[in-house]
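Quick note: residue numbers are just sequence positions, from 1.
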Amino acid sequence: MSRPGHLRLGVNIDHVATIRNARGGDHPSPIRAAHAAAAAGADGITAHLREDRRHMTDADIARLVAEIDLPLNLEMAATDEMLAIALTHRPHAACIVPERRAERTTEGGLDAAGKHNTLLPMVGRLHDAGIRVSLFIAPEERQVEAAARLGVPVVELHTGPYAHSDGSVDELARLEAAARMAAEAGLEVHAGHGLSFANVGGVAAIPELAELNIGHFLIGEAVFTGLEGAIRQMRAAMDAARR
Ligand code: PXP
């Protein structure tokens with residue numbers, strides 16, 4: 001799973017649940033999507049259990065942990081409720097994200113610097129339960145430093161501003177600098193948000209990155225090419241950028 005130089009692809013399946021929830025039944029099943037992702041070569045499954053349960057449900061998380069062979073990365077807000085759920089299900093990894101009720105998606109990075117005192121005990125409890133903790137942060141020096149101070153093993157850099165800037169050189173340079181700095185601090189570096197076939201190359205080429213987490217685009221593309229086809233094409237784009 002952690003082959004040297006291999007850039008892992010975590011497939012975020014939240015929006016399979018969004019479509020399912022539109023009709024309240026059980027189709028399409030996020031569990032089936034996770035199996036399809038595994039068949040297409042995904043290295044992990046990511047799912048965000050939001051406070052308002054707008055896509056993933058508690059039952060989905062329980063089933064993903066029980067039924068899927070790939071490691072599960074649970075995205076969660078820094079709340080007591082989510083901490084209890086993570087400690088119950090013990091996913092492979094937990095990525096702490098900021099969460100605002102009214103947002104359409106995770107809009108900004110976590111303020112690891114400003115929230116040190118809240119995050120420290122939570123990181124400790126997750127770590128003690130054997131869960132690999134990551135913090136979803138903006139590619140900024142002070143956030144990387146704050147993550148290192150919190151003792152997490154992983155940071156995930158927010159690629160949203162890069163993705164939404166149509167591949168701005170400045171935004172890419174921010175990601176490159178933050179990835180370098182995080183790796184020098186001994187952190188494993190992940191990245192994600194808003195990645196697509198069109199913009200994944202620049203990010204995948206950053207040598208310090210160990211994992212990308214990609215969701216919305218893949219689930220949307222699956223409408224046209226099927227989920228497995230979309231994932232295989234993303235995998236190929238990532239591999240091409242690494243060559
Ligand atoms: N990484 C994190 C921490 C996220 O919150 C999200 C969105 O849920 C993603 C990656 C995936 O973003 P997208 O769905 O835009 O690919």
Side-chain angles (χ1 to χ4, degrees), residues 9-68 70-79 81-82 85-86 89 91-110 134 136 156 158-161 163-164 190-200 211-235:
L9 171 59
V11 174
N12 180 316
I13 55 172
D14 290 347
H15 296 305
V16 177
T18 303
I19 300 171
R20 174 198 59 191
N21 295 354
R23 289 295 172 92
D26 56 13
H27 181 79
S29 156
I31 313 304
R32 183 173 163 197
H35 284 298
D43 299 285
I45 298 298
T46 292
H48 185 175
L49 186 67
R50 294 187 76 102
E51 185 191 16
D52 62 9
R53 308 298 196 270
R54 70 176 72 161
H55 35 60
M56 286 291 157
T57 64
D58 300 57
D60 290 330
I61 301 301
R63 285 194 64 192
L64 287 169
V65 170
E67 298 177 30
I68 299 300
L70 291 177
L72 178 68
N73 172 34
L74 175 68
E75 290 182 8
M76 54 177 270
T79 63
E81 183 200 14
M82 288 302 149
I85 290 169
H89 295 298
H92 166 78
C95 179
I96 304 180
V97 301
E99 204 175 292
R100 282 186 296 275
R101 218 169 243 272
E103 69 188 356
R104 266 190 293 184
T105 179
T106 313
E107 283 161 5
L110 188 71
S134 91
F136 186 50
E156 180 167 330
H158 197 321
T159 53
H164 298 133
H190 301 177
H193 209 281
L195 296 176
S196 67
F197 296 150
N199 61 27
V200 76
E211 178 174 311
L212 300 183
N213 283 302
I214 309 182
H216 180 266
F217 176 82
L218 286 174
I219 305 308
E221 194 63 15
V223 171
F224 304 106
T225 64
L227 185 55
E228 293 194 35
I231 291 170
R232 287 186 207 283
Q233 202 175 331
M234 187 61 81
R235 176 77 262 166

Working to the nearest 0.5 angstrom, can you tell me the gap between I96 CD1 and S134 OG?
8.0 Å
Do I13 and L64 come within less than 4.5 Å of each other through their side chains, counting heavy atoms only?
yes
Where I68 and A34 come nearest, the two heavy atoms and their spacing
CD1-CB, 3.5 Å
Please check this pair: side chain of H89 against backbone of P91, looking for a donor-acceptor N/O pair closer than 3.5 Å.
no
Is the number of heavy atoms from other residues, nucleotides or ligands within 6.0 Å of CZ (R53) greater than 12?
yes
Which heavy atom of H158 sits nearest to which heavy atom of G109, and what is that distance?
CD2-N, 3.7 Å
Hey, can you tell me if H193 and H164 have their rings parallel, tilted or perpendicular (30° and 60° cut-offs)?
perpendicular
Say you draw a straight line from CG of D58 to CD1 of I85; how long is it, rounded to the nearest 0.5 Å?
4.5 Å
Closest approach of A17 and P30, non-hydrogen atoms and distance?
CB-CG, 4.0 Å
When rounded to the nearest 0.5 Å, the distance separating CZ of R63 from OG of S29 is 5.5 Å
If you draw a 6.0 Å radius around NE2 in H35, do more than 12 non-hydrogen atoms from other residues or ligands fall strictly inside?
yes
Going by heavy atoms in the side chains, are M234 and I214 under 4.5 Å from each other?
yes
E228 side chain near I231 side chain, heavy-atom distance below 4.5 Å:
no
With rounding to the nearest 0.5 angstrom, report the CG to CZ distance, L49 to R54.
12.0 Å
Are any non-hydrogen side-chain atoms of I219 and I19 less than 4.5 angstrom apart?
yes
Just by distance, no angles: are the side chains of T46 and N12 close enough, under 3.5 Å, to form a donor-acceptor pair?
no
So how far is it from E156 CD to H190 NE2, rounded to the nearest 0.5 Å?
7.5 Å
H27 vs R32 side-chain heavy atoms within contact, under 4.5 Å:
yes
G10 and E211: which non-hydrogen atoms are nearest, and at how many Å?
N-CG, 4.5 Å
Side-chain contact, heavy-atom cut-off 4.5 Å: R235 with D43?
yes
For the CE atom of M76 and the CG atom of N73, what is their distance to the nearest 0.5 Å?
11.0 Å
Is the backbone of H48 close enough, under 3.5 Å, to the side chain of D14 for a donor and an acceptor to pair up by distance?
yes
Distance-minimising heavy-atom pair for M56 and I61
CB-CD1, 4.5 Å
Correct closest heavy-atom pair for A33 and L227 would be O-CD2, 3.7 Å
Should F136 and E75 count as side-chain neighbours, where that means a heavy-atom distance under 4.5 Å?
no
